[in-house]
Amino acid sequence: MKHTDIKVLFAESGKYENESVTVCGWVRTWRDSKGISFIELNDGTCLRNLQLVIEKTIVDESIVKPALATGTALKVTGIFIPSERNGHEISVREITVLGECPADFPLQKKHHTLDFLRTIPHLRPRTRYFEAVFAVRSQLSYAIHKYFHSHGYKYMHTPIITGSDCEGAGEMFRITTQPWNAKYGNEAEYYGDDFFGAKASLTVSGQLEGEISAMGLGKIYTFGPTFRAEHSNTPRHAAEFWHVEPEVCFADLHDIIEIAEDFIKSIIKDVIENCPEELAFFAERGEKGLVDKLNSVVNSDFAKVKYTDAIEILKKSGKEFKFPVEWGCDLQTEHEKYLTDEYYKKPVFVTDYPADIKSFYMKQNPDGKTVAATDLLVPGVGEIIGCSEREADLNKLKDAMIKRNMSLDSYNEYLDTRKFGSVPHSGFGLGLERILMYITGVQNIRDTLLYPRTVGSL
Ligand code: 4AD
């Protein structure tokens, strides 16, 4: 269907001014009076609506009438003229109704609550809010690919179906083609008869296969969906989220922290440059000062603090935390919030966590108690990156696995990377939705995904 995107009309208005153009889109709002009608049309290419001015001496009333309904899909031809109020608008000559929209279309009002919109996820892309969310999400994804490609990383597609549990936490969705059948005496027999002849799950992380790839390709990244069956019903947890995971050989913790900071600044800068209208919209609708916050993140250094020192800061804060703070405890949301929102007021890398609360693959520090790992915490959202130097020493890695009762046999191929030409290497995982929340100020992860998958909600 030959037509011009509304975004292109606004961007190249000089070229189209006073010319006849054809546009398509959906009616966002409309007004009708005796001789004239107005329609705000949106085609999803930009946040701005295009005003259609319909004079009934030019277009017959019988044609105009069915077009005046919110949600109706139209194809319109007219003259693209300058207008004092709107910059430009269309003086309509011809209207075709592509799809009528009856009065039970739920998006009649200008503003709906996000709670209400979650009940109609299939219609959320028709709203200004979600048009802005998905525009930033798309730009951010592109910026991520641009960053890694321009820095010499190979994009690897690691498997979604896996037989291993990367994080060792066991919170995985199992996949199977067979129902439980009492004829099986034990789990091994049951899984042995399943599609893969073994227990299979949806991956929680592409890291292990990422490491295997990097141990030959040098620098790689993965970017795809991962799945967590954790029962964390919070505004920051989704059962299905998009995970960015670079893996870099010949890099220690210090190097990967530098890469992570440069990467985060670069993708934020990209969104600032390419989504100014969306960010202005989020600043107006939600987080005041959003753009200043993002500019300041891009232009200043992130803070760094060792876990042990962070514990001291929390203890001296004078705050009454619900979860007591002791060396060895996992940092809870309230602790992270104090460090980012009150103490540092900017992104902070917390480094060198106790080995016992972190994963088996992290490099053991010489103190025998901590690992070369870091989480990047940001104000308002908390952890957006989990990162570590990997344990490159075969025996130390095996010891850490044995300590966690892991079966070494299931990880033979992974262990081979340490046996055959092991090198210092590091990587991190960034949750796309978490950084999207940080960049847009969106408060709930459910409002960053087209169809959020969370506990009790498919
Ligand atoms: O800290 P995590 O669990 O680290 C890993 O999975 C490592 N294998 C990454 C690596 O080193 N390659 O998860 C990494 C990030 C978190 O910081 C968070 O941003 C995101 O993934 N994440 C989630 N996002 C949304 N919902 C969930 N349930 C998430 N769990 C983790």
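First listed ligand is number 1; within each ligand, the first listed atom is number 1. Here the structure is a predicted model, which is why all the values come from computation and not from measurement.
- For ligand 1, the 4.0 Å heavy-atom shell contains residues C166, E167, S205, Q207, R228, E230, R236, H237, A238, F241, H243, E245, Y361, E383, I384, I385, G386, R390, G427, F428, G429, G431, R434, I445.
- Rounding to the nearest 0.5 Å gives a distance of 7.5 Å between CD1 of I160 and OG1 of T203.
- A donor-acceptor pair under 3.5 Å is formed between the side chain of E261 and the backbone N or O of F302.
- Counting only residues at least two apart or in different chains, salt bridge (Lys or Arg N to Asp or Glu O under 4.0 Å) contacts with residues 397-411 comprise D356-K403.
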Handout entry: Test log, rule side chain to side chain donor-acceptor pair (under 3.5 Å), inputs S426 and D252
Key = CA-CA 6 Å; S426 303; D252 61 17; 6.0 Å; no

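- In this view, I272 and I268, L279, L294, N295, V298 satisfy the side-chain contact (heavy atoms from CB on, under 4.5 Å) rule, not counting sequence neighbours.
- Shown here are the salt bridge (charged side-chain N to carboxylate O under 4.0 Å, His left out) partners of E326, two or more places apart in sequence or in another chain: K315.
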